[in-house]
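One structure is given below, encoded as structure tokens.
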Amino acid sequence: MDIRQILIDLITVNLSIKVYFAGLRITFEKAITMILRFFLLDINYEVTDGRPEVRLWGVSEDNRRVLVIDRSLKPYFYLLLDGNRRPEDVLEGIKRRAVEASLSLDMEARIEEKRYFGKPVKVLKVFLKNPNLMANYASLLSKEDGIGECLEEDIRYSSRYLIDYCLNPCGWLEVEAKPLGHKEGIRVDEVFEAESPPRMIEVHKEPSLRILAFSIVCYSETGSPNPTKDPVIVISVKTSDGSIRQFSAFDRDDGKVLEDFISLVHEFDPDIIVGYGCNRRDWPYLLDRCHTLGMRLSVDRIGSEPHGSLYGHISVTGRANLDLFDFAEDIPEVKVKTLDNIAEYLGILKPQKRTVLEEVDIPELWKKSSGRQVILRWSLENAEAILGIFEALRDFAFQLSNLVGLPLDQVGAAAMGFRVESHLIRQAYKFGELIPRRVEKPYVPYQGAVVLEPKKGIHENVAVLDFKALYPSLMVAFNISPDTYLEPDEPEPPQGVYVAPEVGHRFLKEPDGFYRRALKSLMEAREILRKRLEGLSKNSYEYRLLDARQKAIKTVTNACYGYAGWVGARWYVKPVAEAVTAWGRATILDALKEAKNLGLEVFYSDTDSLFVENDAGKIEILSKHMQEKLGLTLKPDEIYVRILFTEAKKRYAGLLQDGRLDIVGLEVARGDWTEAARKVQEGVLEIILKERSPKKAVEYVRSFLKDLFMGKVSYKDLILWKTITKDLREYKVRAPHVEAAKKLIERGWKLSLGDKVGYVITSKPGSLYDKAEPYILASLKDVDLRYYAERQIIPATLRVLEQFGVKEEDLMVSGTSCLKDRVPSGQTTLF
DNA sequence: GCGACGAACTTACCC
DNA sequence: ACGGGTAAGTTCGTCGCG
């Protein structure tokens with residue numbers, strides 16, 4: 001890019017700014033306005049003197065931190081007219097009310113036509129100055145006769161701004177803006193005032209962002225640290241420029257540690273701050289600790305402190321604060337979502353090279369200087385792993401944020417339902433569809449998908465056919481949408497309707513519903529991306545970007561059906577979800593019938609898949625049939641050389657052509673079974689599927705059990721992990737993991753909803769819940785090996801071996817229950 | 001009063 | 001705080017027994 005191009009891009013006629021570029025300083029005497037291009041990172045708004053200003057934080061094309069202030073958008077909401085009075089009269093009525101309440105100067109209103117659940121409606125669009133007063137105005141004015149309900153007064157002003165101007169975070173914006181230079185208390189290179197609303201532009205350039213990854217260590221004699229008394233002993237930081245910094249309370253108080261950290265944040269001035277568990281742990285602790293010490297945790301760009309925001313995350317104004325733990329939720333392969341497990345899964349940490357410290361180990365280590373070195377090293381590795389995970393996930397996170405329109409720091413914290421909704425809101429706006437309020441509705445279950453009984457046993461050469469994007473395709477095909485749904489009492493319109501099988505719900509054939517339009521555009525966009533990916537080098541920035549985007553599109557597309565059936569959704573309409581599954585059942589049943597007609601043997605089927613004998617000719621015919629009849633793509637996905645079905649649905653294991661095992665639903669795939677049971681079951685499956693030798697599998701299990709009883713198994717392989725899903729007092733039964741959780745809390749540990757409790761079964765007497773101990777409070781010598789043999793190893797392996805005639809007794813070795821009458825409980829040393 | 005049995009509770013998976 | 005369908009382990013109440 002040459003200088004002239006830059007000037008053309010940057011400057012329109014009347015500028016009065018200094019442009020620094022490549023060491024050149026150019027001054028334009030009469031210049032006022034320029035064109036600024038920047039990457040949008042964060043957005044918030046402030047109300048000053050009763051007027052809102054939107055603040056767009058970003059990084060400019062020439063790599064400067066910028067804040068763009070825009071006051072152009074007037075806040076507004078809608079009042080739905082119920083048709084009892086003439087709209088003009090109602091408009092007069094609310095104007096009178098405004099005068100009476102002395103609101104008139106701040107307010108204006110007009111009549112508009114919109115659509116609400118597809119029906120044309122007349123609304124009053126009410127503008128006001130202060131967006132924080134929207135709810136007040138709405139409730140005052142909706143008392144007027146002729147007003148049904150108020151709408152969109154629950155849309156936050158900063159979201160409103162992005163929606164109405166069609167702007168998406170994590171993308172490039174162009175704006176005509178007036179430079180204001182520096183502004184007191186705002187930590188950016190330059191502040192601008194927008195002259196007109198910004199617009200999105202296509203720039204295939206990676207913004208040059210500064211990332212800061214951090215991790216803290218707190219000191220606590222027992223249990224979880226308490227910020228009012230326990231110090232922050234180490235803060236480790238790794239930044240995207242490759243440098244590392246550590247602050248520790250070696251021989252000083254932790255106020256200095258916090259001070260140093262705050263200074264570093266100012267000095268490095270990150271655009272993105274990343275942590276692991278920082279929303280729930282690090283930030284609240286640092287905040288409390290600072291306040292205890294009479295300090296302020298000033299790390300943002302306006303001299304304020306991190307604060308709680310929507311979706312329960314912590315917001316740092318002007319920067320994006322990301323908690324990678326939120327993104328770990330989207331990696332189902334990792335069952336216990338510790339930093340180490342996620343980093344290891346992503347190939348960032350080498351498992352062997354790392355000493356895994358537990359919080360309980362800290363006090364002991366801190367007492368010795370060699371121990372302190374261990375802590376420092378561990379903490380630094382944490383910060384490095386966090387930066388590594390961020391790098392691995394950043395493209396996806398950026399693209400998801402850009403696609404659904406939620407700012408980067410919110411998109412990770414927002415549950416899938418809110419991500420989908422954010423995207424739908426943007427689509428609805430473009431179609432003139434009003435955004436319904438979130439209302440509490442009763443939960444009424446409805447029928448879902450078809451799952452067939454599998455044909456138990458081993459089968460050779462099995463193909464899995466599945467329908468590509470079945471539910472989204474059906475929603476598009478039959479125009480299933482909240483705005484096309486016809487209530488039972490409504491007469492059929494001339495353009496005709498699609499009628500869902502079984503349930504009879506009707507949907508207009510025309511016009512396109514907004515789900516149809518949204519899904520079509522998502523699916524088409526993904527296809528275009530996939531085509532473009534084919535011609536790109538996998539290492540290029542563009543490839544990474546587009547690949548991340550197509551993945552983001554896929555997750556949003558697939559979640560649309562779930563969203564439709566979610567009672568919390570703004571557009572929840574049960575018949576919409578119910579119709580999708582009904583058409584889904586009809587589709588798969590038709591495919592099954594057709595397979596039967598063709599004489600194609602079916603071994604199993606679940607929702608949108610058929611497991612059939614791998615007969616290419618018949619599969620081709622079946623596939624063609626479905627394509628022609630319904631326009632749906634049914635094609636082979638996986639081919640199993642050999643597959644084993646247990647008697648249960650949703651649980652099977654197959655040998656793939658490349659020699660890998662695909663284990664579905666069985667204990668191997670479950671995080672609430674011990675690693676020991678999972679390893680042995682996997683071993684058994686490998687022997688059965690590859691060597692077809694139940695005898696060898698039995699020997700394998702027996703030898704494992706012998707090792708177990710000789711204490712040759714690792715303690716950590718015996719831990720059971722289960723999630724605390726509600727307040728401990730709400731549990732109706734004394735479940736082992738709940739009892740273990742209570743013991744942790746007794747010892748001063750903090751546990752919250754969603755935490756996983758790791759516990760072991762000890763040889764204490766009583767029920768299982770009496771025997772459960774948090775694993776950090778017990779050791780290998782305490783565990784009840786017989787429990788592990790009888791309730792973990794044997795059931796998990798028998799699940800597979802049972803169908804080969806193997807009995808429990810065949811697996812038992814001395815020390816297990818077959819000898820319990822002869823061997824006293826606890827005696828485990830016969831080998 | 002006691003044990004067998006099944007319902008209820010609970011979690012995590014599949015698609 | 002995204003849907004329904006499903007398996008499976010543990011707890012706990014109930015029923016029948018004499």
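Residue numbers start from 1 in every chain, and the chains themselves are labelled A, B, ... in the order their sequence lines are given, proteins ahead of strands.
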Examine the side chains of [X] and [Y] and answer whether a donor and an acceptor come within less than 3.5 Å of each other.
X: A/R280; Y: A/S752; value: yes
X: A/D340; Y: A/T338; value: no
X: A/R517; Y: A/S521; value: no
X: A/E578; Y: A/H505; value: yes
X: A/N321; Y: A/W283; value: yes
X: A/Q792; Y: A/T674; value: yes

* Would you please test A/I643 and A/Y652 for side chain to side chain contact (heavy atoms under 4.5 Å, CB included) and show each step? => CA-CA 7 Å; A/I643 188 167; A/Y652 55 87; 3.8 Å; yes
* **A/K649 vs A/W673, nearer the 5' end of DNA chain C by closest nucleotide** => A/K649
* Nearest-nucleotide comparison on DNA chain C, the residue closer to the 5′ end among A/R799 and A/Y446 -> A/Y446
* Can you say whether the rings of A/Y604 and A/F645 are parallel (under 30°), tilted (30 to 60°) or perpendicular (over 60°)? -> tilted
* Parallel, tilted or perpendicular: ring planes of A/Y276 versus A/F325, cut at 30 and 60 degrees -> perpendicular
[atom1]/[X]: more than 12 non-hydrogen atoms of other groups inside 6.0 Å:
X: A/E333; atom1: CD; answer: yes
X: A/R791; atom1: CZ; answer: no
X: A/K750; atom1: NZ; answer: yes

* Mark up nucleotides 10-15 of chain B, 5' to 3', with B wherever a protein heavy atom is under 4.0 angstrom from a base atom, S wherever such an atom reaches only the sugar-phosphate, and - elsewhere. => SBBSBS
* Quick one, which residues of residues 404-424 of chain A touch DNA chain B with a heavy atom under 4.0 Å? -> none
* Structure fact -> Residues in residues 463-482 of chain A with a heavy atom under 4.0 Å of DNA chain B, by number, are none
* Structure fact -> Those stems involving DNA chain C that have three or more consecutive Watson-Crick or G-U pairs, both distances under 3.5 Å, are B:1-15 with C:3-17
* Asked: Reckon A/G448 touches a base, only the sugar-phosphate, or nothing at all at heavy-atom distances under 4.0 Å?
  -> sugar-phosphate
* To do: Only pairs at least two apart or in different chains count here, so list each salt bridge (charged side-chain N to carboxylate O under 4.0 Å, His left out) that has a residue in residues 631-656 of chain A.
  => A/E460-A/R642, A/D606-A/K650, A/R651-A/E667
* Any salt bridge (charged side-chain N to carboxylate O under 4.0 Å, His left out) pairs touching residues 466-475 of chain A, not counting sequence neighbours? -> A/D466-A/K468
* **Contacts of A/D662 that satisfy salt bridge (charged side-chain N to carboxylate O under 4.0 Å, His left out) - sequence neighbours left out** => none
* DNA chain C contacts among residues 568-583 of chain A, heavy-atom distance under 4.0 Å -> none
* Heavy atoms of chain A, cut-off under 4.0 Å: which first and last nucleotide of DNA chain C, 5' to 3', fall inside that, if you could look? => C/dA1 to C/dC12
* With C1' as the reference atom in both, quote the distance from C/dC2 to B/dC9 in angstrom, rounded to an integer. => 23 Å
* Structure fact -> Taken in chain and number order and not counting sequence neighbours, the residues that satisfy side-chain hydrogen bond (donor to acceptor under 3.5 Å, both in side chains) with A/D810 are none
* Could you pull out all residues at least two apart from A/R678 that satisfy side-chain hydrogen bond (donor to acceptor under 3.5 Å, both in side chains)? => none
* Asked: Can a cation-pi geometry be assigned to A/K726 and A/Y731, taking NZ or CZ under 6.0 Å from the six-membered ring centre and within 45° of the ring axis?
  -> yes
* Going by an N to O cut-off under 4.0 Å, is there a salt bridge joining A/E739 and A/K742? -> yes
* Ion pair present between A/K679 and A/D717, side-chain N to carboxylate O less than 4.0 angstrom? -> yes
Protein-nucleotides 1-7 of chain B N/O pairs under 3.5 Å:
none

